[in-house]
Amino acid sequence: MSEETKALNFIEHIIEEDLQNGLSKDKLRFRFPPEPNGYLHIGHTKAIGISFGLGETYNAPVNLRFDDTNPAKEEQEYVDAIKRDIEWLGYEWANEVYSSDYFQTLYDWAVQLIKDGNAYVDSQSSEAMSAQKGTPTQPGVDGPYRNRSVEENLDLFQKMKAGEYDEGSHILRAKIDMQHVNMHMRDPLMYRVLKKHHHRTGNDWCIYPMYDWTHGESDYIEQISHSLCSLEFKPHRELYDWFKEHVYDYAADKLPMQPKQREFARLNLSYTIMSKRKLLKLVEQKLVSGWDDPRMPTISGLRRRGYTPNSIRTFIEKVGVAKRENVIDVSLLEFCIREDLNYSAPRIMAVLDPIKVVITNYPNDKVEWLEAENNQEDDSAGCRKVPFSKELYIEKADFKEEANSKFFRLKVGSEVRLKNAYIIKAESVVKDANGNITEIHCTYTTDTERKVKGTLHWVSIQHAIKAEVREYDRLFMDEAPDSHQDTDFMEFINPNSLKIIDAFVEPSVLEAQVGDRFQFQRLGYFNVDNDSKAEHLVFNKIVGLRDSWEKQKPNPQQQNNKPQQAQHKRPAIEAIKQLGKKYTNVPEEKQLISKAEIIKLSEEVTYEDLQPLFNTAAKKAGTRIATMIALRVLLKNGQERNSDIEEFITKAKDDKNELLVAEANAI
RNA sequence: UGGCCUAUGGUGUAACUGGAAACACAUUGGUUUUUGGUACCAAAGAGUCUAGGUUCGAUCCCUAGUGGGCCAACCA
C-alpha cells in the first residue's frame, strides 16, 4: 500500500524543514493571539485553523493568548465570546494566557534595554515624532531626546510607571535607526502612558506596552516555536527579530527557544467584509440585530445561522494556505455546509409559499398518517408519520395551468407524486375575481408504483403548524465592498437581505429544539433560531439546495437563441479571455495589437458569451478591459443596453486601473 | 523617489532536490432517484504575467520589466 503524501502548505514545509534540521518535535508550540476587542469572524477561523490544526497534526500545545495591551478597546465580553467560539469550533487550547500576565517581565526587560542603551524616553508631541519619522520613501531624522543619559531615561521611565506623567507626555522607544528603510525600525514605540482601567490588571499600570514589543516577547516567554500571522505583519518581522535577539541576552538560559514569525495571506470572502471595525459599525447602527445576526460573517453569526463547526473546519481546509491575495467564492462555504448537512439533517416537509390543493375524490374527514423516511442518506435515522387529508398546501411555484414538457411539476391534466404519499392529477382550478388561482382541484390514486416524473412536497392544511421562516440574502451587493477607494462600503448594503416568511410545516417539528437543523425537502437546510418558542417557531434558512432547475429559468430565451456553434475551432471568447488576461502586463505596443485583435474577435462573439465575464474578479483588470472592448463592439452592432451592462460599465469607471476607466468612458 | 511580499483554469490550492500541470469548488452534459437534492460517470476550461538568461530539459533557479498587495496609529 503506497501511502499518498498529502500536499503540504508552505508553513508545513517550513516546520518539516526545521524538524529535519534538528528541532525536536516536542519543542513545537503554537498560539492563537486575538485581541479581545471584537467578535471572531470567518477570517479568523483561517488563523485558528492553521495554528490549532498544526497543533493537532503535530500533537503540539497551542496557547490561546489574549493580546490585551490596549485597555481602551478591550472588554471581558469579547474574551468570553472568543473562548465560546473557539470551543464551539472544537479546538482545545493548552493554556489560556494573557499578554497582561507578562507586564512585569516586559517592564523589567525594558529597563534592561534602557540600561544597555537600546531604549530611551522621548518627550515630544506625537506630531513632532511622526514628522521626524519620515515616510516610506524618505528616511527619518533623530529627535532631540534620542541621546538622553541612561540615568535620565531610567528615572523618567520609572516615573511614567509611577503615574507621575500625563498621557501623551512621555513614551519609551527602542533606539534602533531613524534612517532605516523599514519604518518599523525607526525607533518604534514600546510604552505609552495610559491611565485606563484594564480588564485584568485593574489600575495597577499607568503604562502599557505596544504590540510589537508585547507580542514577540509573549511568544518568547511562552516558547512558541512558530508564530503564525497574516501578511500585513511581514514588515514587523524585522522588529520582532530585533527585540527577540536583544532580550535573548537576558534570558537565554531559561528561555532557549527563539520563536519564528511567518506570515500567510488572510482569508477574503466574496460579498462580505472582514474588518472588525466595519462589522462593529453594522452592529452599532443596528443594520443587523447584533454580532450574532445570521447574516454576519462572525462565527457567532454563522453558528446562529445554522452552520456546523465541521463545515467551517472543512471549508478552512479546502481554502488552503499561501501568500497571495485571494478572494474565496462563498459557494465553497455553501458546498461545505450542504455536504455536512446532507448526511446529518433529518428531512421534513414545509411549504413557504402556499397554494391550496383539494383532493376531490378523497373522503372529507379522513386522515391518514403515512410513513416518511427521516433521512435516506442515513439508515439509522428512522421514520416518522406525516398526516394526509383532503386539503393540502403545495408551493405556488410547483403548479402551472399550462407548461411545456420540461416542467416536471403539477399542471392541469397531468400527474405528479406527492412525497411520501399518493399520485395526484390536477383536474381544474378555481379562480377569484381577479383571475388568481385560489384552489387546485385534483384526484388521487393509491397506485403509487407508477412512474411519474415529478415529486412535490406538501403539508396537510388542518395539521400544518405555522412557523416564521427567515430567509437571508448576502449583506452586500458588491463582490468586494470594502475595496473601493471612493465608495464607502455602507453604500453596497443590500436592503433586502432579510425576508420574513409565514410558512407551514409538518407537525413533527413541534418538538424541535433551538439549534436543531432540518432539510425542508426540496427547499434547503434550516435551523431553529434562538428566538423560537414552542408557540411560535422560528427557522433560519441556512442555505438552499442546489437547484439546477431554478438556474436555467431566468434566461429562457438564452437556450433558443444560442447558435449551435461548431466546437472544432477555439471559440473567439476564449481567445479574448486569453488576450485580456495578459493585457495589463504587456508593453504598450503589444497592448495595441491585442486590442485590435480583441475588436476583430468580438465580431464573432454573442452577448451570452460575454455576459459571464461581467463577474470577473475585480482584481483581474486585464480581463475586464478585454470584456469592455468586446462589449463596445457588441453595442455598436446593435446589442441593447441592460442593467447588467450598465452595472459592469459603472463599476469599471470607478476602478483604479486607468486603462479600464478609459475603456469604460469610451463606451 | 524607497523597501518588502506576490503572480498557475472562473475561484482557491498543489506539483517532493528542475523531468508529460494535479485536486477541490463553480460550469456543462449524462446515469440513478418518491427531493430538478444526493451519489456516480463524463466534458470543457490554464500550457503557469512579459522579455531575456542558465540547462538536454524551467511553474520551479537568475536578471529586468509589468500588474497586484503591504509599509508613516501613543491600534493590534
Can you tell me how far [atom1] in [N] sits from the matching atom in [M], rounded to whole Å?
N      : M      : atom1 : value
U27(B) : G65(B) : P     : 42 Å
C41(B) : C23(B) : P     : 12 Å
A58(B) : C49(B) : P     : 15 Å
U50(B) : U13(B) : C1'   : 24 Å
A21(B) : U63(B) : C1'   : 25 Å

- Query: Below 4.0 angstrom from OP1 or OP2 of C4(B), is there any side-chain N or O of Lys234(A)?
  - Reply: no
- Within 45° of the ring axis of Trp205(A) and under 6.0 Å from its six-membered ring centre, is that where the NZ or CZ of Lys161(A) lies?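 Yes; both conditions hold, so Lys161(A) lies above the ring face of Trp205(A).
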- Message: When you measure from the centre of the six-membered ring of Phe407(A), is the NZ or CZ of Lys400(A) closer than 6.0 Å and no more than 45° off the axis?
- Response: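 Yes, a cation-pi geometry holds between Lys400(A) and Phe407(A).
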- Task: Pick out which of Phe243(A), Phe233(A), Tyr240(A) makes a ring pair (Phe, Tyr, Trp, His ring centres under 6.0 Å) with Tyr211(A).
- Result: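 Among the candidates, only Phe233(A) passes.
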In Watson-Crick or G-U wobble terms, both distances under 3.5 Å, what is the partner of [N]?
N      : answer
G47(B) : none
A21(B) : none
C70(B) : G3(B)
C40(B) : G30(B)

- Sugar-phosphate means primed atoms, P, OP1 and OP2; the rest is base. With that split, encode nucleotides 69-76 of chain B 5' to 3' as B, S or - using protein heavy atoms under 4.0 Å. SSBB-BSB
- Task: Between protein and nucleotides 60-65 of chain B, map the contacts as a letter string: B base, S sugar-phosphate only, - none, heavy atoms under 4.0 Å, written 5' to 3'.
- Result: ------
- Side-chain touch His457(A)/Val351(A), heavy atoms, less than 4.5 angstrom: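 A side-chain contact exists here, since the closest heavy-atom pair is under 4.5 Å.
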Check [Y] with [X], please: is the shortest side-chain N to carboxylate O separation under 4.0 Å?
X         : Y         : result
Glu167(A) : Arg192(A) : no
Arg237(A) : Glu263(A) : yes
Asp177(A) : Arg186(A) : no

Measure the distance from [atom1] on [X] to [atom2] on [N] and round it to the nearest whole Å.
X         : N      : atom1 : atom2 : result
Arg262(A) : C4(B)  : CZ    : C1'   : 14 Å
Leu456(A) : G36(B) : CG    : P     : 8 Å
Glu334(A) : G37(B) : CD    : P     : 16 Å
Leu333(A) : G12(B) : CG    : C1'   : 13 Å
Glu317(A) : A14(B) : CD    : C1'   : 15 Å
Arg347(A) : G37(B) : CZ    : C1'   : 8 Å
Arg546(A) : U38(B) : CZ    : C1'   : 10 Å
Leu418(A) : U35(B) : CG    : P     : 13 Å

- Task: Determine if Phe408(A) stacks with G36(B); use a centre-to-centre distance below 5.5 Å and an interplanar angle below 30° as the criteria.
- Result: yes
- Would the Tyr191(A) and Phe157(A) ring centres measure less than 6.0 Å apart?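 Yes.
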- Task: Assess the pair Phe526(A) and Phe518(A): is the distance between their ring centroids shorter than 6.0 Å?
- Result: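 So the answer is no for these two rings.
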- Message: Tell me if the side-chain of Gln376(A) makes a donor-acceptor pair with the base of U33(B), cut-off 3.5 Å, by modelled atom types.
- Response: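 There is none.
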- Can you check whether any acceptor in the base of G37(B) is under 3.5 Å from a donor in the side chain of Glu377(A), or vice versa?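 Check passes, donor-acceptor contact within cut-off.
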- Message: Quick check on G47(B): syn or anti? Syn means the glycosidic torsion is within 90 degrees of zero.
- Response: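 You should classify G47(B) as syn.
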- To the side chain of Ala322(A), which of C25(B), U34(B), U13(B) is closest?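 Selected nucleotide (nearest to the side chain): U13(B).
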- Note on the structure: Closest of A26(B), G37(B), U34(B) to the Phe335(A) side chain is A26(B)
- Item | Pairwise 5' ranking along RNA chain B for Lys318(A) and Lys419(A), keeping only the more 5' one |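 Closest to the 5' end, via its nearest nucleotide, is Lys318(A).
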- Task: Hey, which sits more toward the 5' end of RNA chain B by its nearest nucleotide, Tyr525(A) or Arg417(A)?
- Result: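 Result of the comparison: Arg417(A).
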- Where does the angle between the aromatic ring planes of Phe66(A) and Tyr98(A) fall among parallel (under 30°), tilted (30 to 60°) and perpendicular (over 60°)?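 Answer is parallel, since the angle falls under 30°.
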Reckon [X] touches a base, only the sugar-phosphate, or nothing at all at heavy-atom distances under 4.0 Å?
X         : answer
Tyr422(A) : nothing
Val321(A) : sugar-phosphate
Glu373(A) : nothing

- Flag yes if more than 12 heavy atoms outside Lys133(A) fall under 6.0 Å of its NZ atom; otherwise flag no.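 Correct, the count exceeds 12.
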